[in-house]
Amino acid sequence: WLVIAVGLVRAYLAKGSYHSLYYSIEKPLKFFQTGALLEKYLLIAKYLSGIVPSSVVLTAFQVMSRVFLTWAVTHSVKEVQTEDSVLLFVVAWTITEIIRYSFYTFSLLNHLPYLIKWARYTLFIVLYPMGVSGELLTIYAALPFVRQSGLYSISLPNKYNFSFDYYTFLILVMISYIPIFPQLYFHMLHQRRKVLSHTEEHKKSE
């Protein structure tokens with residue numbers, strides 16, 4: 001994710017514009033975001049064995065939605081790759097993941113700076129809505145192109161007697177954000193109150 005961040009900055013400095021920066025980080029974005037599936041697969045396996053809390057399942061859905069957006073929307077619908085909304089979710093994802101992995105790394109080293117802990121449980125207040133807005137706007141921008149091209153759609157009649165409308169599916173994906181995003185957001189707010197208040201109490205006791 002640092003590679004992606006550096007790529008964005010270098011491309012911006014070279015172009016002098018934030019438009020169409022997606023092309024400068026397209027390959028590493030696809031690689032690292034797809035690679036996150038392995039992490040979540042392991043976490044779900046641990047969840048099923050009762051090792052980790054159920055919040056991991058919500059996070060897994062978040063990662064799968066990111067992979068879906070990376071490949072099934074942004075990669076598949078070339079016309080949306082120049083949309084500013086793509087940069088919106090890429091920047092949100094990048095900052096979020098740099099903070100998250102920094103948090104995990106320092107925690108494993110038993111030397112977690114308060115600044116990183118604070119960033120982990122505070123910056124999401126802005127980054128989550130920013131990322132979700134970018135994702136939804138990108139899907140919305142893809143809709144007319146999907147409808148026009150019939151991308152990934154299967155129409156009747158066919159030998160399998162099965163039909164699939166990708167345009168309608170994308171609309172359903174957008175609607176699914178309504179119940180899922182608040183659960184993730186309020187879970188993080190709850191965690192923020194719990195973790196940061198505990199830290200403040202610990203400082204006072206010292």
Pair Glu135, Trp93: side-chain N/O donor-acceptor within cut-off below 3.5 Å = yes
Gap between atom CG of Leu87 and atom CG of Leu8 - 0.5 Å precision = 6.5 Å
key: Short side-chain to backbone donor-acceptor contact, Gln183 and Pro179, under 3.5 Å   = yes
inquiry  = Please check this pair: side chain of Ser163 against backbone of Leu156, looking for a donor-acceptor N/O pair closer than 3.5 Å.
reply    = no
request  = Would you confirm whether Asn158, through its side chain, and Phe162, through its main-chain N or O, come within 3.5 Å as a donor-acceptor pair?
outcome  = yes
task = Answer with yes or no whether the hydrophobic clustering places Leu13 together with Val90; edges join I, L, V, M, F, W, Y residues whose side-chain heavy atoms lie under 4.5 Å apart.
result = yes
ask   = Aromatic ring centroids of Tyr128 and Phe124 under 6.0 Å?
value = yes
request  = Establish, from distance only, whether the side-chain atoms of Trp71 and Thr34 form a donor-acceptor pair under 3.5 Å.
outcome  = yes
inquiry  = Go through it in stages, so that I can follow the logic: the residues are Ser85 and Thr138, the test is side chain to side chain donor-acceptor pair (under 3.5 Å), and I'd like the CA-CA distance, side-chain angles, deciding distance and then a yes or no.
reply    = CA-CA 6 Å; Ser85 58; Thr138 301; 2.9 Å; yes
ask   = Any sub-3.5 Å donor-acceptor pair from Tyr104's side-chain atoms to Ile99's backbone N or O?
value = no
Val9 with Tyr23, same ILVMFWY side-chain cluster at under 4.5 Å = yes
Residue Tyr12 excluded, over 12 heavy atoms near OH under 6.0 Å = no
task = Consider only side-chain heavy atoms of I, L, V, M, F, W and Y, link residues closer than 4.5 Å, and tell whether Phe186 and Leu196 are in one cluster.
result = yes
request  = Calculate, to the nearest 0.5 Å, the distance between atoms CG and CE belonging to Leu127 and Met188 respectively.
outcome  = 10.0 Å
message = Could you check whether any side-chain heavy atom of Thr82 comes within less than 4.5 Å of a side-chain heavy atom of His19, counting everything from C-beta outward?
response = no
request  = Please confirm whether Tyr152 and Phe164 have ring centers closer than 6.0 angstrom.
outcome  = no
inquiry  = Looking only at the side chains, is there a donor atom on one of Thr122 and Arg192 sitting less than 3.5 Å from an acceptor on the other?
reply    = yes
Nearest-0.5 Å distance, CE of residue Met130 to OG1 of residue Thr96 = 8.5 Å
query = Do Ser153 and Tyr167 have side-chain heavy atoms sitting under 4.5 Å apart?
reply = no
ask   = When hydrophobic residues are tied together by side-chain contacts of less than 4.5 Å, even through go-betweens, does Ile154 share a cluster with Tyr160?
value = yes
request  = Identify whether Leu21 and Val6 are in the same connected component of the hydrophobic contact network (ILVMFWY, side-chain heavy atoms under 4.5 Å).
outcome  = no
task = Look at the side chain of Gln33 and the backbone N and O of Thr70, then say whether any donor-acceptor pair between them is shorter than 3.5 Å.
result = no
query = Is the side chain of Lys15 donor-acceptor paired with the backbone N or O of Ser20 at a distance under 3.5 Å, no angle test?
reply = yes
